K.L.:
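Structure incoming, see below.
Everything numeric here is computed off the predicted structure, so don't read it as measured data. Lettering follows sequence order; numbering is per chain, from 1.
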Number of protein chains: 2
Amino acid sequence: MGATKTEHFTDKQNNIATLAKALGHPARIAIVEYLIKVDTCICGDIVNELPLAQPTVSQHLKELKNAGLIKGNIEGNAICYCIDEKAIDKLQNYFGNISTKLINKKNNCC
Amino acid sequence: MGATKTEHFTDKQNNIATLAKALGHPARIAIVEYLIKVDTCICGDIVNELPLAQPTVSQHLKELKNAGLIKGNIEGNAICYCIDEKAIDKLQNYFGNISTKLINKKNNCC
DNA sequence: AATCTTTATCGTAATATTGCAATATTAAAT
DNA sequence: ATTTAATATTGCAATATTACGATAAAGATT
């Protein structure tokens, strides 16, 4: 064994887990934060921003893209990456929802 | 190689990544959702709720606890787990912040 | 066409994660 | 003191992730 048993969970649970997993690495957090910081998203210089080799950065970008957190357009021979707001909105809604549910409970058992 | 190079990133980046990583598995999402659903958090029955063996669930609980997402009190010979709101608040703030930053940009390049 | 630039892919080593059976631990109940 | 019940730990196999050197692919530049 060793593979996640995704089939036993709901699509929604798997979807949130996929997004969270994609952000579960500091390099990918750093990439997302960099994409937010720069106004333009001509993003070839992400490699220069990160303390990682180019193939490693490329792999992290791929994972963020697969999870739906970023999208990329071909821009000449470079590629322009930027945040996909829909994914961020999903996460914000998810945690906002949990937050309000917790406020309505206030079980002081722990 | 193979280990994450945490030392190259900021504490904040590592902290968010740790929280995200802990939620990067559908079983742990399911655990969190179950803890929210039940009013009382006498939580021995998480094992019955999940399609996983007891040691596996115990391990997932441990990871959630290490990341600071849940906390547990000894309650007789059972253990009472529940959500740590501070962690959820951190995540909510983080994504809320990103969201507003994105609205203020509206770069239509991708 | 040859070269440069930028990004992706392949191959591979090191390490981490996932899952569970077996076993240990600890406190309650008999 | 034994047994029962609930949770944790150990050990291990299967798989996934992380990182990077080498190389490929594809458009831009000369």
Side-chain angles (χ1 to χ4, degrees), chain A residues 1-9 13-14 17-31 34-35 40-67 70-82 110, chain B residues 1-9 13-14 17-31 34-35 40-67 70-82 110:
Chain A
M1 289 112 217
T4 297
K5 291 185 155 182
T6 49
E7 68 277 12
H8 292 306
F9 301 96
Q13 286 171 337
N14 281 314
T18 299
L19 289 175
K21 190 176 188 177
L23 292 174
H25 191 291
R28 294 195 289 269
I29 290 287
I31 289 173
Y34 180 72
L35 286 177
T40 59
C41 58
I42 303 145
C43 303
D45 31 27
I46 297 176
V47 174
N48 299 323
E49 279 291 311
L50 295 192
L52 295 169
Q54 181 268 324
T56 310
V57 173
S58 185
Q59 200 173 280
H60 282 308
L61 286 166
K62 192 178 173 186
E63 274 171 68
L64 285 170
K65 199 176 176 187
N66 284 344
I70 63 175
K71 39 190 179 174
N73 273 5
I74 294 165
E75 187 106 336
N77 64 342
I79 283 192
C80 155
Y81 277 119
C82 58
C110 290
Chain B
M1 289 107 216
T4 297
K5 292 184 156 185
T6 49
E7 68 277 13
H8 292 306
F9 301 96
Q13 286 171 336
N14 281 314
T18 300
L19 289 175
K21 190 175 188 179
L23 292 175
H25 191 292
R28 294 194 289 266
I29 290 287
I31 289 173
Y34 181 72
L35 286 178
T40 58
C41 57
I42 304 145
C43 303
D45 31 27
I46 297 176
V47 174
N48 299 323
E49 279 291 310
L50 295 191
L52 295 168
Q54 181 268 323
T56 308
V57 172
S58 185
Q59 199 174 282
H60 282 307
L61 286 167
K62 193 180 173 184
E63 275 170 68
L64 285 170
K65 199 177 176 185
N66 284 342
I70 63 175
K71 40 189 177 173
N73 272 7
I74 295 166
E75 186 108 334
N77 63 342
I79 283 192
C80 154
Y81 277 117
C82 58
C110 291

K.L.:
Return the value, rounded to whole Å, for the distance between atom CG of B:L61 and atom P of D:dA6.
P.N.:
15 Å
K.L.:
Rounded to the nearest 0.5 Å, how far apart are NZ of A:K71 and CD1 of A:I79?
P.N.:
15.0 Å
K.L.:
Does the side chain of A:Y81 come within less than 4.5 Å of A:L61's, by heavy atoms?
P.N.:
yes
K.L.:
Tell me, please, which residues at least two apart from B:A22 pass side-chain contact (heavy atoms from CB on, under 4.5 Å).
P.N.:
B:L64, B:A67, B:L69
K.L.:
Using whole Å, report how far CG of B:L64 lies from C1' of D:dA8.
P.N.:
16 Å
K.L.:
With sequence neighbours left out, what residues match B:T56 under side-chain contact (heavy atoms from CB on, under 4.5 Å)?
P.N.:
B:L52, B:A53, B:H60
K.L.:
Please determine, for the side chain of A:K62, which listed nucleotide (C:dT15, C:dT9, D:dT18) has the closest atom?
P.N.:
C:dT9
K.L.:
Determine: side-chain N/O of A:H60 to OP1/OP2 of D:dT17, distance under 4.0 Å, yes or no.
P.N.:
no
K.L.:
Looking at A:H25, does any N or O in its side chain come under 4.0 Å of the phosphate oxygens OP1/OP2 on D:dA19?
P.N.:
yes
K.L.:
Please identify each residue that fulfils side-chain contact (heavy atoms from CB on, under 4.5 Å) with B:K62, with sequence neighbours left out.
P.N.:
B:N66
K.L.:
How many Å lie between CG on A:L52 and C1' on D:dC20, as a whole number?
P.N.:
10 Å
K.L.:
What residues form a side-chain contact (heavy atoms from CB on, under 4.5 Å) with A:Q59, not counting sequence neighbours?
P.N.:
A:E63
K.L.:
To the nearest Å, give me how far apart CG (B:N73) and C1' (D:dA6) are.
P.N.:
16 Å
K.L.:
Students often get this wrong, so: under 4.0 angstrom with heavy atoms, is A:E63 touching a base, only sugar-phosphate, or nothing?
P.N.:
sugar-phosphate
K.L.:
Please report the interatomic distance NZ(A:K21) to CG(B:L23), rounded to the nearest 0.5 Å.
P.N.:
13.0 Å
K.L.:
Report the distance from atom CG of A:N48 to atom C1' of C:dT6, rounded to the nearest whole Å.
P.N.:
11 Å
K.L.:
Measure the distance from CG on A:D45 to P on C:dT5 and round it to the nearest whole Å.
P.N.:
16 Å
K.L.:
At what angle, to 10 degrees, do the two end axes of the helix from C:dA1-D:dT30 to C:dT30-D:dA1 meet, given five pairs define each axis?
P.N.:
10°
K.L.:
Would you mind building the protein contact string for nucleotides 22-30 of chain D? One character per nucleotide, 5' to 3', B for base within reach (heavy atoms under 4.0 Å), S for sugar-phosphate only, - for untouched.
P.N.:
B----BS--
K.L.:
Under 4.0 Å between a side-chain N/O of A:K5 and OP1 or OP2 of C:dC20, yes or no?
P.N.:
yes
K.L.:
Which heavy atom of B:D45 sits nearest to which heavy atom of B:Y34, and what is that distance?
P.N.:
OD1-OH, 3.4 Å
K.L.:
Quick one: NZ on A:K5 to CG on B:L50, what's the gap to the nearest 0.5 Å?
P.N.:
11.0 Å
K.L.:
What is the separation between atom CD on B:E49 and atom P on D:dT7, rounded to the nearest whole Å?
P.N.:
14 Å
K.L.:
Tell me what A:K21 touches on the nucleic acid: a base, only sugar-phosphate, or nothing, going by heavy atoms under 4.0 Å.
P.N.:
sugar-phosphate
K.L.:
Quick one: is B:S58 getting a side-chain N or O under 4.0 Å of the D:dA8 phosphate, OP1 or OP2?
P.N.:
yes
K.L.:
What is the distance from CD of B:E7 to P of D:dA19, rounded to the nearest Å?
P.N.:
9 Å
K.L.:
Under 4.0 Å between a side-chain N/O of B:T56 and OP1 or OP2 of C:dT18, yes or no?
P.N.:
no
K.L.:
Got a second to check how far B:T18's OG1 is from B:Q13's CD, nearest 0.5 Å?
P.N.:
11.5 Å
K.L.:
Establish, with yes or no, whether the OP1 or OP2 oxygen of D:dA8 is under 4.0 angstrom from a side-chain nitrogen or oxygen of B:Y81.
P.N.:
yes
